[in-house]
Amino acid sequence: MPLSWNEIKDRAIRFSKEWENETSEDAEAKSFWDDFFNVFGINRRKVASFEKPVKRLDESTGYIDLLWKGTILVEHKSRGKDLDKAYKQALDYFPGLKDYELPKYVLVSDFFRFRMYDLDTDSHFEFVLPDLYKNVKHFGFIAGYLKHEFREQDPVNIKAAELMGKLHDRLKEIGYSGHPLELYLVRLLFCLFAEDTSIFEKDQFRDYIVNKTKEDGSDLAHHIASLFYVLNTPKEKRLTNLDEDLAAFHYVNGKLFEESLPPASFDSKMREILLECTALDWGAISPAIFGSLFQSVMNPVERRNLGAHYTSEKNILKVIKPLFLDDLWKEYESIKDNRNKLIRFQEKIAGFRFLDPACGCGNFLVISYRELRLLELTIIKTLQKGQQVFDIHELLKLDVDRFYGIEIEEFPSQIAQVAMWLMDHQMNMRASEEFGQYFVRLPLQKSPNIVCANALRTDWQSLIEPIPWEQGEQRFDFIYGNPPFVGKSLMNDEQKADMTVVFSGVKGAGVLDFVTAWYIMAARYIVGAHCDAPMQQGDAPLHNAQTRCAFVSTNSISQGEQVGILWNELFNRYKIKIHFAHRTFKWSNETRGKAAVHVVIIGFSNFDIPDKRIFEYEDIKGEPHESRVRNISPYLVEGKDFVISSLNHPICNGPEMIKGNQPTDNGNLLMTNDEKEEIVRLEPDVERFIRPFISAKEFLHNDKRWCFWLLGIQPTEIKHSSTLMKRIEAVKEFRLASTKAATVKWAQYPTLFTENRQPNANYILLPRHSSENRKYIPIGFFSKEFIIADSCNSIPNATLFHFGALTSEMHQIWIHFVCGRLESRFRYSNDIVYNNFPWPENPSEKQVKTVEEAAQKVLDTRVKFPGSSLADLYDPLTMPPDLVRAHQELDKAVDLCYRPQSFPNETKRIEFLFELYNRYTAGIFAKEKQGKK
């Protein structure tokens with residue numbers, strides 16, 4: 001058990017006085033360093049050796065003055081000698097040391113001056129002997145105190161994953177696999193953390209391997225098995241003649257070492273890898289990355305991407321700060337001068353229950369626990385100000401048993417539990433350092449409540465075992481996390497079945513992402529209904545507890561068709577109110593090489609609050625700015641609790657929009673420009689059946705493609721063309737091979753597109769997908785001779801006014817908020833986006849004419865750049881200034897059709913459009929309700 005800091009300082013003062021006037025010849029050096037280590041309560045003989053011989057690069061033999069393998073190297077000189085030279089000499093020894101022997105610190109001294117180099121941080125500090133007592137905390141690693149700054153992509157994380165990955169691969173090669181291998185490695189990881197975080201004695205695990213096992217590794221598995229057994233056995237129940245080094249290990253408890261595993265096997269290389277692992281500073285790895293580290297060990301692909309695929313602490317704080325942490329700190333600031341209120345405040349925090357119903361490896365719970373322990377530490381310091389602390393244990397109230405998690409996979413759930421213990425221990429070490437008393441919870445008495453189960457088939461309240469002496473309703477105060485990012489088309493059969501159960505009776509739920517199920521489950525919990533039984537509309541909440549929730553979610557739940565289905569259910573059935581929201585930003589835990597994940601964070605409950613918060617991102621990779629609002633709509637802007645539903649026709653007196661034509665032909669009815677020219681050269685008569693084919697790609701990039709348009713073709717005309725016969729036969733075979741019954745049926749009509757929506761008049765073309773980087777989605781006019789593909793929508797008989805309004809900033813803002821997304825690209829739909837678009841109410845003839853003139857100017861400006869595609873013209877980096885100005889004039893003209901005042905920003909535009917939408921639809925939906933009655 002480490003000495004208290006006060007005792008260490010007292011010893012340092014006595015040591016300095018005893019040695020201040022000594023010259024310290026070599027004979028006295030050993031006594032000096034023995035006494036130095038004793039200042040920190042460490043027997044030097046047990047951890048470090050003098051005069052270790054090593055081979056230098058020039059093959060000469062050198063002797064290290066003092067070496068604690070893997071920790072510190074000491075090089076001393078006589079009084080007044082050059083310390084720079086001593087440091088250089090110390091570094092010269094490094095090539096002769098094994099990897100696990102390399103120190104983290106180098107201390108050079110002339111017995112009066114001390115200079116310590118921290119090799120991890122590339123920093124150093126210097127002091128003189130009388131000031132040792134002022135600098136003892138720099139040597140906390142000797143005493144067993146640890147203080148680390150955690151870096152998400154710290155090189156030690158990468159090295160740790162690589163080494164443990166090698167060990168995993170080798171064990172798997174020899175046939176040690178599956179459940180035993182996973183649990184075996186979790187235990188080894190715990191031991192590695194334990195000896196670097198003062199759960200074990202410093203280097204206790206490494207020393208046991210070095211001193212007790214053979215270099216060929218033949219008996220290593222036996223000794224590790226014995227260690228696992230000892231860690232699971234209370235000291236009073238251990239064998240009385242147990243090896244003293246083995247008996248020195250603490251009893252851990254917590255069931256981590258409870259299960260009996262089959263024996264493993266090691267060789268010399270595997271033993272060397274394990275020793276290299278012990279040389280790393282595992283205390284520098286945050287428990288928040290512990291789970292991701294383990295997962296990367298088990299998966300070679302993730303191992304290479306460690307630090308890029310796990311949930312960063314920064315993103316976790318985006319959830320927990322507005323959910324509870326900011327309010328708690330605010331409350332602390334308001335009552336910190338009132339002792340009684342502060343005592344009650346600490347008790348309140350210690351009584352909270354937290355649930356992550358998709359906890360994975362526990363990152364959200366781990367960071368939450370750390371932040372709350374830091375707040376509790378601040379409370380205790382305030383309460384104890386000016387008083388001596390006699391027993392930390394009596395002061396600390398918060399413990400891991402108030403944290404709950406549900407995880408569908410077995411081993412992430414076990415890792416989450418271990419990570420919580422590790423964080424608990426690190427926070428106990430932090431408290432020890434603050435109050436100068438060593439505090440550790442061993443053996444483990446309480447455990448986080450992590451269960452391996454399907455959260456969507458579990459009654460969340462069942463996780464809480466009622467405590468008889470606890471007053472009030474025993475429910476979760478905060479429910480939050482990061483449910484799986486799985487789109488509707490990527491769900492497996494089990495996930496689809498879960499969605500069917502959760503959304504039973506909800507019309508249109510088939511389009512929802514997987515994450516939406518957690519919103520419904522949380523809403524049911526909030527109002528007191530069982531999580532496996534939907535609340536009936538009109539039911540009153542079953543309890544008075546105020547549970548708050550927040551989930552990280554795919555941003556599609558606040559855009560497009562999903563909004564109408566999900567939020568209609570949450571608003572109307574469960575009376576949910578949004579309390580805070582992070583608008584779309586880029587999630588930083590996606591694996592390199594995979595599609596980007598764009599997310600939102602939504603905090604909610606079933607009660608209202610006056611002060612709501614929206615976090616908006618100018619740059620989705622950057623930092624947000626916050627605004628306080630009265631109400632947050634499901635589109636995550638200030639507005640009413642309304643949803644935009646799918647409609648068959650426009651809400652305004654505008655032209656219809658139609659989806660393009662779908663060939664379902666495997667390319668056999670289509671052809672490139674070269675193919676078309678070759679076909680016409682060989683069979684000139686076929687040219688009259690060929691039409692220009694325009695998809696989003698051709699439209700945006702000035703490419704040419706053609707199609708066979710065979711409406712009304714005579715059978716004899718087909719038979720006279722070998723090209724047509726061959727291609728039509730290929731279409732038929734392709735459709736017959738389909739797994740879709742409708743497609744197979746269309747094999748009867750191989751000359752036709754399966755979906756023919758070709759306009760009979762000239763039309764505006766609008767691509768269904770477009771980059772979010774463009775300020776304006778390019779649209780254009782086409783004659784009816786151009787066959788429009790299903791990657792585009794058409795508006796037949798549209799005018800220049802329609803063109804102007806649809807390519808204006810007003811329409812672009814509407815798209816930005818209402819449109820669905822494919823990754824981050826806009827996915828434009830006629831039933832959600834276009835049919836609900838609020839056109840200007842009553843523009844005057846003059847205003848319409850002004851818009852038409854400005855729209856024509858945009859078209860004329862495009863023509864000035866015949867060599868550039870629309871993709872080039874509308875790229876923000878290459879958009880010509882003339883075109884920018886033309887669009888700005890058009891934007892002003894369209895704005896004036898809506899109102900005479902200008903719109904200062906994007907938020908004001910969308911708020912205005914939503915208000916206008918509500919005015920337009922109030923009458924429509926009122927009529928619908930009357931019809932239903």
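This is a predicted model, so every value here is computed, not measured.
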> Do the side chain of Thr458 and the main chain of Asn454 share a donor and acceptor less than 3.5 angstrom apart?
Replying inline: yes
>> Give me the atom names and distance for the closest heavy-atom approach of Val502 to Ala517.
In response: CG1-O, 3.9 Å
> Taking atom CD of Glu698 and atom CG of Leu765, what is their separation to the nearest 0.5 Å?
Replying inline: 10.5 Å
> Just wondering, do Val599 and Thr584 contact through their side chains at under 4.5 Å, heavy atoms?
Replying inline: no
>> Centre-to-centre under 6.0 Å for His649 and Tyr834, is that the case here?
In response: no
> For the residue pair Phe607 and Arg548, what are the closest heavy atoms and their distance?
Replying inline: CZ-NE, 3.6 Å
> Is a side-chain donor-acceptor pair under 3.5 Å present for His811 with Ser808?
Replying inline: no
> So, are Glu638 and Lys612 salt-bridged, with charged N and O less than 4.0 Å apart?
Replying inline: no
>> Using side-chain heavy atoms (C-beta onward) and a distance below 4.5 Å, is Tyr574 in contact with Ile526?
In response: no
>> For the aromatic rings, using the six-membered ring if either is Trp, is the centroid distance between Tyr763 and Phe781 under 6.0 Å?
In response: no
> Are Lys577 and Asp641 close enough for a salt bridge, meaning some N to O gap below 4.0 Å?
Replying inline: yes
> Phe551 and ring-ring contact (aromatic ring centres under 6.0 Å, His included): which partner among Tyr519, Phe364, Phe478, Phe580?
Replying inline: Tyr519
>> Determine whether Val552 and Asn315 satisfy the following criterion, side chain to side chain contact (heavy atoms under 4.5 Å, CB included), listing intermediate values before the conclusion.
In response: CA-CA 9 Å; Val552 183; Asn315 282 338; over 6 Å; no
> Hey, what do you get for CZ (Arg768) to CZ (Arg827), rounding to the nearest 0.5 Å?
Replying inline: 9.0 Å
>> Under 4.0 Å between a side-chain nitrogen and a carboxylate oxygen: does that hold for Asp611 and Arg628?
In response: yes
> Taking 4.0 angstrom as the limit, do Glu561 and Lys488 come out as a salt bridge?
Replying inline: yes
> Are Trp518 and Pro357 close enough that some pair of their side-chain heavy atoms sits under 4.5 Å apart?
Replying inline: yes
> Is it true that Lys314 and Glu623 make a salt bridge, defined as a side-chain N closer than 4.0 Å to a carboxylate O?
Replying inline: yes
>> In the structure I gave you, are the side-chain heavy atoms of Ile601 and Phe585 within less than 4.5 Å of one another anywhere?
In response: yes
> Gln758 and Ile788: which non-hydrogen atoms are nearest, and at how many Å?
Replying inline: OE1-N, 3.1 Å
>> To the closest 0.5 Å, what do you measure between CG (Asp608) and CZ (Arg630)?
In response: 12.0 Å
> Hey, what's the ring geometry for Tyr898 with Phe912, parallel, tilted or perpendicular (30° and 60° as the breaks)?
Replying inline: perpendicular
>> Let's go through Ile565 and Leu512 carefully: what are the C-alpha distance in whole Å and the side-chain angles of both, what is the deciding distance for side chain to side chain contact (heavy atoms under 4.5 Å, CB included) to 0.1 Å, and is it a yes or a no?
In response: CA-CA 8 Å; Ile565 297 163; Leu512 297 174; 3.9 Å; yes
>> Could you tell me if Tyr874 and Asn773 have a donor-acceptor pair between their side chains, going purely by distance under 3.5 Å?
In response: no
>> Counting only heavy atoms from other residues, nucleotides and ligands, does the tally under 6.0 Å from NZ of Lys892 exceed 12?
In response: no
>> Does Arg919 form a salt bridge (Lys or Arg N to Asp or Glu O under 4.0 Å) with Glu841? I'd like the steps, not just the answer.
In response: CA-CA 10 Å; Arg919 290 207 301 272; Glu841 282 186 279; 2.9 Å; yes
>> I need the single residue from Trp460, Tyr404, Phe352 that forms a ring-ring contact (aromatic ring centres under 6.0 Å, His included) with Phe476. Which is it?
In response: Tyr404
>> Run the side chain to side chain contact (heavy atoms under 4.5 Å, CB included) test on Ser368 and Phe324 for me, step by step, so that the C-alpha distance in whole Å, both residues' side-chain angles and the decisive distance to 0.1 Å come before the verdict.
In response: CA-CA 10 Å; Ser368 299; Phe324 58 82; 3.9 Å; yes
>> Please give me the minimum heavy-atom distance between Ile644 and Tyr635, naming the atom from each residue.
In response: N-OH, 2.7 Å
> For the ring pair Phe837 and Tyr917, is the centre-to-centre distance below 6.0 Å?
Replying inline: no
> When you look at CG of Asp619, are more than 12 heavy atoms from neighbouring residues, nucleotides or ligands closer to it than 6.0 Å?
Replying inline: yes
> Trp567 vs Phe571 aromatic rings, parallel, tilted or perpendicular, using cut-offs 30° and 60°?
Replying inline: tilted
>> What I want to find out is whether Glu906 reaches Arg583 closely enough, with some N-O distance under 4.0 Å, to be called a salt bridge.
In response: yes
>> Between Phe914 and Trp814 (judged by ring centroids, cut-off 6.0 Å), do the two rings come close enough to count as a pair?
In response: yes
> Taking it one step at a time, do Arg757 and Glu755 satisfy salt bridge (Lys or Arg N to Asp or Glu O under 4.0 Å)?
Replying inline: CA-CA 6 Å; Arg757 307 183 192 88; Glu755 297 179 21; 2.2 Å; yes
> For the atom pair CG (Leu323) and NZ (Lys318), what is the distance rounded to the nearest 0.5 Å?
Replying inline: 16.0 Å
> Between Phe903 and Arg899, is there a cation-pi geometry (under 6.0 Å to ring centre, at most 45° from the normal)?
Replying inline: yes
>> A side-chain contact here means heavy atoms from C-beta on lying under 4.5 Å apart; do Asn836 and Leu647 qualify?
In response: yes
> Hey, mind stepping through Thr799 and Val848 against side chain to side chain contact (heavy atoms under 4.5 Å, CB included) and telling me if it holds?
Replying inline: CA-CA 11 Å; Thr799 67; Val848 170; over 6 Å; no
> Would Arg457 and Asp498 pass as an ion pair if we require N to O under 4.0 Å?
Replying inline: yes
> Side chains of Ile557 and Ile602: closer than 4.5 Å at any heavy-atom pair?
Replying inline: yes
> Can you tell me how far CD of Gln888 sits from NZ of Lys775, rounded to the nearest 0.5 angstrom?
Replying inline: 6.5 Å
> Any luck finding a side-chain donor-acceptor pair between Asp831 and Asn835 under 3.5 Å?
Replying inline: no
>> Contact between Phe354 and Asp477 at the side-chain level, heavy atoms closer than 4.5 Å - yes or no?
In response: no
>> Using modelled atom types and a 3.5 Å cut-off, is there a donor and acceptor pairing between side-chain atoms of Thr754 and backbone atoms of Gln662?
In response: yes
> Between atom CG of Asp513 and atom CE of Met499, what is the distance when rounded to the nearest 0.5 Å?
Replying inline: 7.5 Å
>> Is the shortest side-chain heavy-atom distance between Asn661 and Asp790 below 4.5 Å?
In response: no
> Would you call Glu494 and Lys496 a salt bridge, using N to O less than 4.0 angstrom?
Replying inline: no
>> Strictly below 4.0 Å, N to O, side chains only: are Arg613 and Asp326 in salt-bridge contact?
In response: yes
>> Quick check: closest heavy atoms across Ile578 and Ser633, and the distance to 0.1 Å?
In response: CD1-O, 3.7 Å
> Between Gln812 and Ile777, which heavy-atom pair has the shortest distance, and what is it?
Replying inline: OE1-N, 3.0 Å
> Is the backbone of Asn555 close enough, under 3.5 Å, to the side chain of Ser558 for a donor and an acceptor to pair up by distance?
Replying inline: yes
